[in-house]
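As structure tokens, the structure follows; a few thoughts come after it.
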Amino acid sequence: MFSTIYFALCSGLAQRGTLPDYAAAILDGAAERAYCAVDEVIDSAARRLGEADVARLVAAGDASLLLGHDEDAEDLYRRAQKFTVNDNDRLRIMSCRNTGWQLMMRDRYATTAKCFARIVQDGAATAGERIEALIGVALVQHQLGLQRDADNALLEAATLADGHAEPGWRIVIGLLAREFDVQLRIRTSTTLNDHAFWSSAQLVQTYAGNQRAEVTRKLVATTAILAPLPALIAQRNDYLERLAALADGDRLAAAPLIAIAHRGHNFRSGIQGLLTKIDIALAAFAGGLDDVAEGVMGKLNRAETDLGTRRCNFDYLYCVARIAARQGNPVQALKLYANYTAEVLRCLRSEAPESGTVHPQAGRALAVDDLSARLPAKYRRAYRHIVENLERADLSTREVAAQIGVTERALQMTFKSSIGMTPGGLIRKLRLDGIRDDLLSGARVNSSIVDTASRWGVKSRSVLAKGYRRQFHESPSETIYG
């Protein structure tokens, strides 16, 4: 997945006004240089940090994540969030953003989508933050074959970017639209009609051919100017042109692409190199150059082969299955293709974005949840206890803290710095979310609003009325009757 490139571009654009040296390095594709531009903040004592240092901590976290140092990135993000604990709006958005990109790198698409969707829907988010979140949403939807949703997210982002002072946002949106167009044309070409995932996704989840071409044209066409054009954008444009040429059967395009694949990568080097080789193989298959695809995949090293079997990397499994068939090994090809289809199904079942709230009386299975993912491992048990006991009016912070053996203050501080809410605030929010979900879905049947609220542990009419209006800007009856 090419999300790493677009994460780097988003990070650079977000920091262009605040940390110009960092931004310039990231936009040039130099993650090590970018990290060095902000790493002085890492050794600073917390008491000496100012607000500008929060941006440096986030930037250092981004650079660490791009370099593949995931644990360092998580630590830096948490430090930044702890320093922002007194600004609920900033903390909430920062937590969603940082966790969203971390989960994207782990192929946790459903939870990633929820993190970014929260930012898009958050009234406190800036236009730039919503644009970045919409780019994240588009990347997830594309990877899951939901191309219409991916295109719609980009269209929304483009509308915001057209009115934004930073021209780079609009240029990156156009680049991503071009990326989607090239990648989708390769994966749905007639010569790859046995690539079941993309064939079915194309039929069900995208615009009709002419309509989609118009969407792409609209997204790619822009008057925004970024001078000089950052190296990372220029290089990606060149890469996509060569990839499209290879998919059209131009054998001469193969050599420069293979050189790119074997060149050192600054961003998560191991997986990025593998993904480039998979891109080349698929484009070669699409262009009828099976020997090129076989040559590229045949030179994968052991580390790349191990990476190829990670979750949701079904493009790799498809390539190796097809090569086994080409080499006259039908038994191995059938086994590999079976692995491919099993991984496609597993990924779609576990990672397709979910909606709705888990009702406490409808079983205790906790849905894929970005709030849980944003908490440290130990405190996820506390979150689970809250979800499983929401209907109890006597549920308290003290009880939740006792469940995991920490003080109430420790529980409150950890929840606040991780998700921007105290446990008490989270309990109120989840209960009101559940009430609203029932009112909208008709799950209350013949029950009154008060009875519906009571099933979620809210017994007081005044608490319900005030809390509901504060959270949803309407009364429960307005939710029902519009």
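Because only heavy atoms are used, hydrogens play no part in the values below, and waters and symmetry mates are left out as well, while side chains stay in.
The heavy-atom pair separating A281 from C319 by the smallest distance is CB-SG, 4.0 Å. Taking every heavy atom of both residues into account, A165 and P167 meet most closely at O-CD, 3.1 Å. For S64 against L76, the heavy-atom pair with the smallest separation is OG-CD1, 3.6 Å. A31 and L66 make their closest contact through CB-CB, 4.5 Å (heavy atoms, listed as atom of the first residue, atom of the second, distance). For A138 against A150, the heavy-atom pair with the smallest separation is O-CB, 3.4 Å.
In terms of modelled atom types and a separation under 3.5 Å, the side chain of Q143 and the main chain of V140 share no donor-acceptor contact. In this structure a side-chain-to-backbone donor-acceptor pair under 3.5 Å is missing from R108 to G100. Q141 contributes no side-chain N or O that, together with a main-chain N or O of Q147, makes up a donor-acceptor pair within less than 3.5 Å. Counting only distance, with no hydrogens or angles, the side chain of T126 and the backbone of E129 share a donor-acceptor pair below 3.5 Å. Not one N or O on the side chain of D53 forms a donor-acceptor pair closer than 3.5 Å with the backbone of R56. Under the 3.5 Å distance criterion, the side-chain polar atoms of S418 are left unmatched by any main-chain donor or acceptor of L375. Side chain of Q15 to backbone of S11: no donor-acceptor contact under 3.5 angstrom is found. Without hydrogens or angle criteria, R178 side chain to L219 main chain gives no donor-acceptor distance under 3.5 Å. The backbone N or O of I42 lies less than 3.5 Å from a partner atom in the side chain of R79, making a donor-acceptor pair. Put simply, the side chain of T99 never gets that close to the backbone of R374: no donor and acceptor are under 3.5 Å apart.
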What's the verdict on side-chain hydrogen bond (donor to acceptor under 3.5 Å, both in side chains) for D194 and Y337, showing C-alpha distance, side-chain angles and the deciding distance?
-> CA-CA 10 Å; D194 56 341; Y337 200 82; 5.2 Å; no
Steps toward side-chain contact (heavy atoms from CB on, under 4.5 Å) verdict (V137, E156) | CA-CA 11 Å; V137 169; E156 186 177 347; over 6 Å; no
Would you sort out whether L371 and R380 count as a side-chain contact (heavy atoms from CB on, under 4.5 Å), showing the intermediate values?
-> CA-CA 9 Å; L371 289 172; R380 290 172 196 160; over 6 Å; no
Let me see the working for K218 and E214 under salt bridge (charged side-chain N to carboxylate O under 4.0 Å, His left out), right down to the final yes or no.
-> CA-CA 6 Å; K218 181 177 179 180; E214 177 58 25; over 6 Å; no
When you look at Q327 and E294, which way does the side-chain hydrogen bond (donor to acceptor under 3.5 Å, both in side chains) test go after all the steps?
-> CA-CA 9 Å; Q327 292 174 341; E294 184 177 354; 2.9 Å; yes
Test salt bridge (charged side-chain N to carboxylate O under 4.0 Å, His left out) on D250 and R242 and set out the steps.
-> CA-CA 9 Å; D250 182 359; R242 294 181 187 279; over 6 Å; no
Which is it for V172 and L13 under the side-chain contact (heavy atoms from CB on, under 4.5 Å) test, yes or no, and what are the steps along the way?
-> CA-CA 9 Å; V172 167; L13 292 176; 3.6 Å; yes
Determine, step by step, whether F180 and T216 satisfy the side-chain contact (heavy atoms from CB on, under 4.5 Å) criterion, reporting the C-alpha distance in whole Å, the side-chain angles of both residues, the deciding distance to 0.1 Å, and the verdict.
-> CA-CA 9 Å; F180 286 162; T216 300; over 6 Å; no
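Between H164 and W169, the ring-plane angle classifies as perpendicular under the 30° and 60° cut-offs. Using bins of under 30°, 30° to 60° and over 60° for the plane-to-plane angle, the ring pair F2/Y6 lands in the perpendicular bin.
Every residue was checked against the salt bridge (Lys or Arg N to Asp or Glu O under 4.0 Å) condition with D39, not counting sequence neighbours, and none meets it. Residues that satisfy the salt bridge (Lys or Arg N to Asp or Glu O under 4.0 Å) test with D89, not counting sequence neighbours, are R92.
To the nearest 0.5 Å, the span separating CG on D279 from CG on L274 amounts to 10.0 Å. The structure places CZ of F472 at 8.5 Å from CG of L440, a figure rounded to the nearest 0.5 Å. From I119, atom CD1 reaches atom NZ of K114 across 15.0 Å, with rounding to the nearest 0.5 Å. Atom CG in L246 sits 7.5 Å away from atom CD1 in I186 (nearest 0.5 Å). Once rounded to the nearest 0.5 Å, the distance linking CG of L257 with CG of D238 reads 8.5 Å. How far OG1 of T4 is from CD1 of I271: 8.0 Å, rounded to the nearest 0.5 Å.
Residue W198 forms a side-chain hydrogen bond (donor to acceptor under 3.5 Å, both in side chains) with just one option from T188, D315, N193, and that option is D315. Across I280, D291, I323, a single residue satisfies side-chain contact (heavy atoms from CB on, under 4.5 Å) together with V296, and that is I280.
Between E304 and Y316 the shortest side-chain heavy-atom distance does not fall below 4.5 Å. Counting heavy atoms from C-beta on, the side chains of V344 and Y318 never come closer than 4.5 Å. Proximity of L65 to F7: side-chain heavy atoms (C-beta onward) are separated by under 4.5 Å at one or more points. The closest side-chain heavy-atom distance from L27 to I233 is not below 4.5 Å. Between S95 and Y77 there is no side-chain heavy-atom pair separated by less than 4.5 Å. When side chains are defined from C-beta on, E74 does not count as touching D70, because their heavy atoms never get closer than 4.5 Å. By the 4.5 Å heavy-atom criterion applied to side chains, Q272 and I5 are counted as neighbours. The shortest side-chain heavy-atom distance between H195 and Y340 falls under the 4.5 Å cut-off.
Electrostatic pairing of D21 and R33 does not count as a salt bridge here, judged by no charged N lying under 4.0 Å from a carboxylate O. A salt bridge is absent between R118 and D122: the closest approach of a Lys/Arg side-chain nitrogen to an acidic carboxylate oxygen does not fall below 4.0 angstrom.
Checking H142 against D151 by side-chain atom types alone, no donor-acceptor pair falls below 3.5 Å. In this model, a donor atom of one side chain and an acceptor atom of the other lie less than 3.5 Å apart for Y109 and D107. At a cut-off of 3.5 Å, with distance as the only test, a side-chain donor of Q81 or N98 sits close to an acceptor on the other residue.
Annotation: K299, atom NZ; neighbour count of heavy atoms from other residues, nucleotides and ligands within 6.0 Å does not exceed 12.
Geometric assessment of R322 against the ring of F285 yields a positive cation-pi assignment under the 6.0 Å and 45° thresholds.
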